[in-house]
There are 2 protein chains.
Amino acid sequence: MNDPDFECKLDRLKQLSLEQGLRLTHQRLEILRELAAAMDHPSAEMIYKRVRVRMPTLSLDTVYRTLWTFERLGLAFRVPALGEQGRFDGDLSPHHHFVCDACSEIIDFTWDAFENIALPGTEAALGRIDRKQVVLRGLCGKCVPQAA
Amino acid sequence: MNDPDFECKLDRLKQLSLEQGLRLTHQRLEILRELAAAMDHPSAEMIYKRVRVRMPTLSLDTVYRTLWTFERLGLAFRVPALGEQGRFDGDLSPHHHFVCDACSEIIDFTWDAFENIALPGTEAALGRIDRKQVVLRGLCGKCVPQAA
DNA sequence: GTACGTGCAAAAATTTTGCTTTAAT
DNA sequence: ATTAAAGCAAAATTTTTGCACGTAC
């Protein structure tokens with residue numbers, strides 16, 4: 001589907017591979033493609049199942065290793081979710097997550113007002129801040145009606 | 001040490017126990033005490049080790065079951081941490097977490113400016129929002145000097 | 001006395017590791 | 001040709017579950 005986001009990440013992976021002596025394997029390529037196409041913050045196992053359809057020899061441990069590699073390279077990051085399996089996000093643009101306590105769905109949202117306020121004066125006390133993210137919790141639109 | 005926070009939570013646990021037919025067991029009491037005293041967002045295993053010192057028959061599965069019960073009751077909640085073991089927080093006052101990518105330490109901070117801005121207009125789209133929390137990531141004061 | 005909760009042990013689920021083989025450079 | 005990375009299987013970790021016994025109410 002020639003996803004522009006995938007193309008961009010692919011270029012970045014190629015560049016990083018050159019710089020750091022990493023190898024551009026089919027597995028990394030397919031996992032990157034799947035991550036760029038996924039809108040649902042997939043777990044390692046979800047990615048494994050999806051990529052396996054077209055690459056049946058893929059193993060789950062490779063997915064884990066690849067995801068950690070991508071995180072280290074800044075091509076993906078782990079979503080600060082609650083319990084369950086680790087969930088990954090390939091969308092690097094500034095956005096935040098709403099987690100439904102009932103169905104565990106993770107919904108993205110943006111929040112301009114948040115991006116614009118200054119960090120608390122504690123920055124010196126905390127150390128170096130690389131990323132800031134909001135996690136909202138509650139019940140999603142589908143689960144609210146079913147609650148008592 | 002007659003921690004006022006523990007006393008308050010104990011009262012709440014007693015009240016909820018009465019209301020919901022829960023039993024006020026020694027295990028729940030000691031786990032609640034440990035959680036109220038802990039400042040380090042302990043994992044189930046950390047709580048297990050600490051309480052076991054004075055209650056050697058305690059089992060780890062009871063700690064898990066108790067923590068989930070406390071979360072359901074609103075006496076504690078799981079910290080949106082990254083990977084690793086689940087970490088719990090008994091401090092219910094509005095505060096946020098800084099997670100060090102190097103040593104995994106979780107540091108609390110407050111952020112008045114954040115509390116005061118309005119949620120994005122997407123609330124209707126998301127559903128019911130029960131809790132909002134910021135997760136900052138980076139390197140803590142101890143780990144910054146050791147980074148390249 | 002009556003369940004609810006605990007302890008124990010075993011299982012399930014998730015993630016990591018050692019080692020051999022494959023393949024990218 | 002070199003050597004990072006993949007695949008496989010097994011282990012390690014973390015969390016959950018079934019069941020018999022204990023205990024708060």
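Naming: A, B, ... by sequence-line order, numbering from 1 per chain.
- Qualifying ring-ring contact (aromatic ring centres under 6.0 Å, His included) partners for Phe114(B), counting only residues two or more places apart in sequence or in other chains: Trp111(A), Phe114(A), His96(B), Trp111(B).
- The 5' end of DNA chain C is approached more closely, in terms of each residue's nearest nucleotide, by Ala44(A) than by the other of Ala44(A) and Ser17(A).
- Relative to the ring axis of Phe98(A), Arg137(A) does not place its NZ or CZ within 45° and under 6.0 Å from the centre.
- When rounded to the nearest whole Å, the span between CD of Glu30(B) and C1' of dG5(C) equals 16 Å.
- The side chain of Thr25(B) lies closest to dT6(C), out of dT15(C), dG7(C), dT6(C).
- Nucleotides of DNA chain C nearest to Tyr64(A) and Thr66(B) differ in position, and the one nearer the 5' end is that of Thr66(B).
- We find that CG of Leu67(B) is positioned 15 Å from C1' of dG5(C), with the value rounded to whole Å.
- If you find the closest nucleotide of DNA chain D to Arg65(B) and to Leu22(B), the one lying nearer the 5' end belongs to Arg65(B).
- Residue contacts for Ser43(A): at a heavy-atom cut-off of 4.0 Å it reaches no nucleic acid atom on any strand shown.
- Taking atom CG of residue Leu18(B) and atom C1' of nucleotide dC4(C), one finds them 15 Å apart after rounding to whole Å.
- In summary, Asp40(A) and Arg50(A) engage in a salt bridge, as defined by a charged side-chain N under 4.0 Å from a carboxylate O.
- Contact annotation for Ser59(A): base contact, defined as any heavy-atom pair under 4.0 Å involving a base atom.
- Between Asp130(B) and Arg128(B) there is a salt bridge, since at least one side-chain N of the basic residue sits less than 4.0 Å from a carboxylate O of the acidic one.
- Side-chain N/O atoms of Gln27(B) include one lying less than 4.0 angstrom from OP1 or OP2 on dG7(C).
- Remark: Gln20(A) engages no residue in a side chain to side chain donor-acceptor pair (under 3.5 Å) (not counting sequence neighbours).
- One atom, CG of Asp61(A), and another, P of dT16(C), lie 11 Å apart when rounded to the nearest Å.
- Nucleotides of DNA chain D with any atom under 4.0 Å from a heavy atom of chain B span, from 5' to 3', dT14(D) to dC25(D).
- dG5(C) atom P lies 16 Å from atom CG of Leu58(B), rounded to whole Å.
- Atom pair Leu29(A):CG and dA24(C):C1' shows a separation of 13 Å (rounding to whole Å applied).
- Comparing Leu24(B) and Pro56(A) against DNA chain D, the residue whose closest nucleotide sits nearer the 5' end is Pro56(A).
- Rounded to an integer number of Å, the gap from Lys14(A) NZ to dT25(C) P is 10 Å.
- Counted by atom type alone, Asp89(B) and His95(B) present one or more donor-acceptor pairs between their side chains at under 3.5 Å.
- Atom CE in Met55(B) sits roughly 12 Å away from atom C1' in dG5(C) (whole-Å rounding).
- In the model, Thr62(A) has a side-chain atom that pairs as donor or acceptor with a side-chain atom of Ser59(A) under 3.5 Å.
- Contact check, Trp68(A) against dT15(C): no side-chain N or O comes under 4.0 Å of OP1 or OP2.
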